[in-house]
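Here the structure is laid out as structure tokens; the discussion comes afterwards.
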Amino acid sequence: MAEVPTYENVKIERDGATTFVILNRPEKRNAMSPALHVDMCNALDWVSEDDETKVVVVTGAGGHFCAGQDLKLFFRANENDPKAQRKTGDDSQAWRWNKLSRCPKPTIAMVHGYCFGGGFTPVIACDFAIAADDATFGLSEVNWGIIPGGLVAWCVTQIMNYRDALYYCCTGERFSGKEAAAMKFVNKSVPVAELKNAVLELARNLERKNPLTVRYTKEAVRSVRGMDQAQAYDYLDAKILALKQVDPDKGGDKAMKQFLDEKSFKPGLGEYAR
Ligand code: COA
């Protein structure tokens, strides 16, 4: 198995075909510094291309997900340096939204402990999110006298119901992992002791699927949200043809043969074509 790269602010750990990308500034509750943003950009580039990784999990070290942007290093240190502000803003955006939401592999946010402010963006950018029941989420920007910028307000409205988005952005009130699951901000929440197993259970399911089918499916679901019905119909038609073309395993044809001719496979019961 190929060695994993090392970074100052990010840790990489493998568990079978699932790779954990871990924000690693536990002493600062994984607050995001400019250097962490650069490391995360590099780590996501690496994991996206790593042949042994089928599923990517994003989480934080030390029992917490992320305390948001590092107020000292991300904001104050760059106050009078517009060029540095722009560079670190771009890096921050690049991994938290662009690279994560376009990752060619399925992504799962594993949220425990604190998740504040800018830490919401990667949770939303991941395809799936599982939280500890007692995780603490907070859009605390309003308590700082700032607005949820850096795309946070936009991300939040992609996934939260409009009333919840306004409520939590304007009050800065915290909500738990259990509450996050009830409002479908995350797929589900579990007791913290079961969190990693719950994440791995989902990951193992995804690992067994045809990787190109999973990739094309998640791209399709994400993309059609911004389309009208006619555009979506055309786009999905083209996407089906594209998948047939690029899939070296010809998964669709194989599954059809197994189901109709060999009668060896029942996809409706959760079996996978091999
Ligand atoms: N930026 C910079 N430093 C941060 C930080 C942030 N967003 N969040 C935590 N830290 C630092 C603290 O300053 C402290 O550093 P120190 O040890 O050098 O004093 C260290 O991380 C631990 O934080 P501390 O507050 O002592 O831990 P705690 O467990 O009691 O509380 C939080 C944790 C996350 C509740 C608290 O630190 C907090 O409210 N942070 C701000 C979160 C936030 O609002 N983020 C959104 C910003 S828009």
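This structure is a prediction, so every number in the text was calculated from the model and none was measured. Read the numbers this way: they start at 1 and go in the same order the structure lists the ligands and their atoms.
- From the protein, the heavy atom lying nearest to atom 20 (C) of ligand 1 is Glu27 O, 3.2 Å.
- Between Tyr114 and ligand 1, no pair of N/O atoms sits closer than 3.5 Å.
- Counting all heavy atoms, side chain and backbone alike, Tyr7 lies closest to Pro5 at OH-CG, 3.4 Å.
- For ligand 1, one of its N or O atoms has an N or O atom of Arg29 under 3.5 Å away.
- Looking at Asp253 and Lys257, no side-chain N of the basic residue comes within less than 4.0 Å of a carboxylate O on the acidic one, giving no salt bridge.
- Atom 30 (O) of ligand 1 is never approached by the protein to below 4.0 angstrom, counting heavy atoms only.
- Taking a distance limit of 4.0 Å, we find that atom 27 (O) of ligand 1 is approached by some protein heavy atom.
- The six-membered or imidazole ring of Phe137 lies away from that of Phe65, with a centre-to-centre distance of 6.0 Å or more.
- Residue-to-ligand polar distances place Leu71 within reach of ligand 1: an N/O pair is separated by less than 3.5 Å.
- The protein atom (non-hydrogen) at minimum distance from atom 46 (C) of ligand 1 is Ser140 OG, 3.4 Å.
- The nearest heavy-atom contact from the protein to atom 5 (C) of ligand 1 is Ala31 CB, 3.8 Å.
- A salt bridge does not link Glu79 with Arg76: every distance from a Lys NZ or Arg NE/NH1/NH2 to an Asp or Glu carboxylate oxygen is 4.0 Å or more.
- Closer than 4.0 Å to atom 38 (C) of ligand 1 lies none of the heavy atoms of the protein.
- For atom 16 (P) of ligand 1, the closest non-hydrogen atom on the protein side is Lys28 NZ, 3.5 Å.
- Remark: atom 14 (C) of ligand 1 lies closer than 4.0 Å to no protein heavy atom.
- Across all non-hydrogen atoms, the minimal contact from Arg204 to Glu207 is NH1-OE2, 2.7 Å.
- Distance screen at 4.0 Å: atom 8 (N) of ligand 1 has a protein heavy-atom neighbour inside the cut-off.
- Remark: Asp50 engages Arg14 in a salt bridge, criterion side-chain N to carboxylate O under 4.0 Å.
- Salt bridge Asp127/Lys105: absent, no basic N to carboxylate O contact under 4.0 Å.
- Of the protein's non-hydrogen atoms, Trp144 CZ2, 3.9 Å is the one closest to atom 41 (C) of ligand 1.
- Surrounding NZ of Lys209 are more than 12 heavy atoms belonging to other residues, nucleotides or ligands, all under 6.0 Å away.
- Contacts between Ala67 and ligand 1, counted as non-hydrogen atom pairs separated by less than 4.0 Å, involve both the backbone and the side chain.
- Within 4.0 Å of atom 43 (C) of ligand 1, at least one protein heavy atom is present.
- Protein heavy atoms are found less than 4.0 angstrom from atom 1 (N) of ligand 1.
- Under the 4.5 Å side-chain criterion, counting only non-hydrogen atoms from C-beta, Asp133 is in contact with Ser189.
- Side chains of Asp249 and Asn210: no donor on one and acceptor on the other come within 3.5 Å.
- Heavy-atom distances between His64 and ligand 1 stay at or above 4.0 Å for every pair.
- Interatomic distance, CE of Met40 versus CG of Leu23, reported as 5.0 Å (0.5 Å rounding).
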